[in-house]
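Note that the numbering runs from 1 along the sequence shown for the chain.
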Amino acid sequence: MRRTVLLTLGVLLLARLADASPIQIDFVGLGKAQVVTLAGVRNVTAYAGELDWAWLGGTPNGYGSSFYSYCVDVLNNEQDPQSVAVRSTDDILAPAVLSKAAWLFDSFAVDIHNTGTSAMAAGLQLAIWEVLYDTNYDLSSGAFWVSMASDDALKYGTSYLQALSSAGSGYMSATTTWLDANPGAGQDQITLAPVPEPATLALLATGLVGLAARRKRFLTPGSSSL
């Protein structure tokens, strides 16, 4: 039973490492987004909100052929196409800040994509940039600030930041997919985490059943731990 559990964990680890191999993505257009002007860490006019992409040369396990993302890199410009490593946001050395961005994305991006507005998407993008490049969580001042955006985008961005502050340490467990571009060769993005394939789910279930059975043996009076 122990061998089955170790084999399961090993296969899942190999699958995760395989997904970190570089792959190309192709920019196909904008989703819900608005034009904003940023200042501080970089003075630039840019789109804030959903970017739409397609995978080139094969689709990673658990993803659809196309997807939307939010930018986590105002210091570089997106390239088309661009090569990225598909990682998890908790794979970096100092994940706390990116975990806040992941929490914002996980909490709001899907609802915005399904039923929200461009102003909501722009506000979410501004909030994500704010937690990555500043510490005071004020869109009008600090190391990162917004010099031009719609009133609604600023309103929603502020509300998302307030929700993050109210969550306390809840952001620490948040994780999503981080598309890691080489510096100067594209723009990092975050997108939805992959949906495990049925075979992977079955393998994971086998491992969990094995762990449960092993735990039951420990707890059963008179049973041996060997």
Is the shortest heavy-atom distance from the side chain of [X] to the side chain of [Y] under 4.5 Å?
X    : Y    : answer
D80  : D26  : yes
V28  : L51  : no
D52  : F67  : no
L192 : F105 : yes
T177 : P194 : yes
S169 : M172 : yes
I112 : Y70  : yes
L139 : T158 : yes

I need the [X] [atom1] to [Y] [atom2] distance, nearest 0.5 Å.
X    : Y    : atom1 : atom2 : answer
Q189 : L179 : CD    : CG    : 7.0 Å
D180 : Q187 : CG    : CD    : 12.5 Å
Y171 : K100 : OH    : NZ    : 4.5 Å
Y133 : I128 : OH    : CD1   : 11.5 Å
D106 : T176 : CG    : OG1   : 5.0 Å

Query raised in the report: Parallel, tilted or perpendicular for F108 and Y160, by the 30°/60° rule?
Result: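 F108 and Y160: tilted rings.
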
Return yes if some donor-acceptor pair links the side-chain N/O of [X] with the main-chain N/O of [Y] below 3.5 Å, else return no.
X    : Y    : result
Q24  : Q82  : no
D188 : V72  : no
K32  : H113 : yes

Minimum heavy-atom distance between [X] and [Y], given as atom pair plus value:
X    : Y    : value
W145 : S140 : CB-C, 3.7 Å
L132 : A101 : CD2-CB, 4.1 Å
A109 : Y68  : O-OH, 3.7 Å
P81  : L56  : CB-CD1, 3.7 Å
G184 : N76  : N-OD1, 3.4 Å

Report task. Could you verify whether a donor N or O on one side chain and an acceptor N or O on the other, from S69 and W53, lie under 3.5 Å apart? Result ->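 Indeed, the side chains of S69 and W53 share at least one donor-acceptor pair under 3.5 Å.
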
Query raised in the report: Will you find, in the side chains of D111 and N114, an N or O donor that is under 3.5 Å from an N or O acceptor?
Result: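 No - no donor-acceptor pair under 3.5 Å links their side chains.
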
Report task. Would you check, one step at a time, whether the test side chain to side chain donor-acceptor pair (under 3.5 Å) holds for T175 with S88? Result -> CA-CA 7 Å; T175 182; S88 170; 2.7 Å; yes

All N/O donor-acceptor pairs, side-chain side in residues 149-157, below 3.5 Å, sequence neighbours left out:
from: S150; atom 1: OG; to: Q34; atom 2: OE1; distance (Å): 2.7
from: S150; atom 1: OG; to: A153; atom 2: N; distance (Å): 3.1

Requested in this report: For this output row, return yes or no: ring centroids of W55 and Y63 closer than 6.0 angstrom.
Outcome: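 Yes, close enough.
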
Report task. Output all residues satisfying ring-ring contact (aromatic ring centres under 6.0 Å, His included) with Y137, sequence neighbours left out; order by chain, then residue number. Result ->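 With neighbours one apart ignored, the set is empty.
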
Query raised in the report: Picking from T191, D90, T89, what satisfies side chain to side chain contact (heavy atoms under 4.5 Å, CB included) with W178?
Result: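 So, applying the side chain to side chain contact (heavy atoms under 4.5 Å, CB included) to W178 and each of T191, D90, T89, only T89 qualifies.
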
Requested in this report: Take C71 and E78 through the test side-chain contact (heavy atoms from CB on, under 4.5 Å) and record every step on the way to the result.
Outcome: CA-CA 9 Å; C71 170; E78 86 164 85; over 6 Å; no

Requested in this report: Start with the C-alpha gap between E50 and L30, add the side-chain angles, then the distance that decides, and say whether side-chain contact (heavy atoms from CB on, under 4.5 Å) holds.
Outcome: CA-CA 6 Å; E50 298 174 349; L30 293 171; over 6 Å; no

Query raised in the report: Would L98 and W103 count as a side-chain contact (heavy atoms from CB on, under 4.5 Å) if you check the C-alpha gap in whole Å, the side-chain angles of each, and the deciding distance to 0.1 Å?
Result: CA-CA 9 Å; L98 200 50; W103 186 92; over 6 Å; no

**Report entry** Stepwise side-chain contact (heavy atoms from CB on, under 4.5 Å) check, V44 with V74
**Finding:** CA-CA 9 Å; V44 64; V74 299; 5.6 Å; no

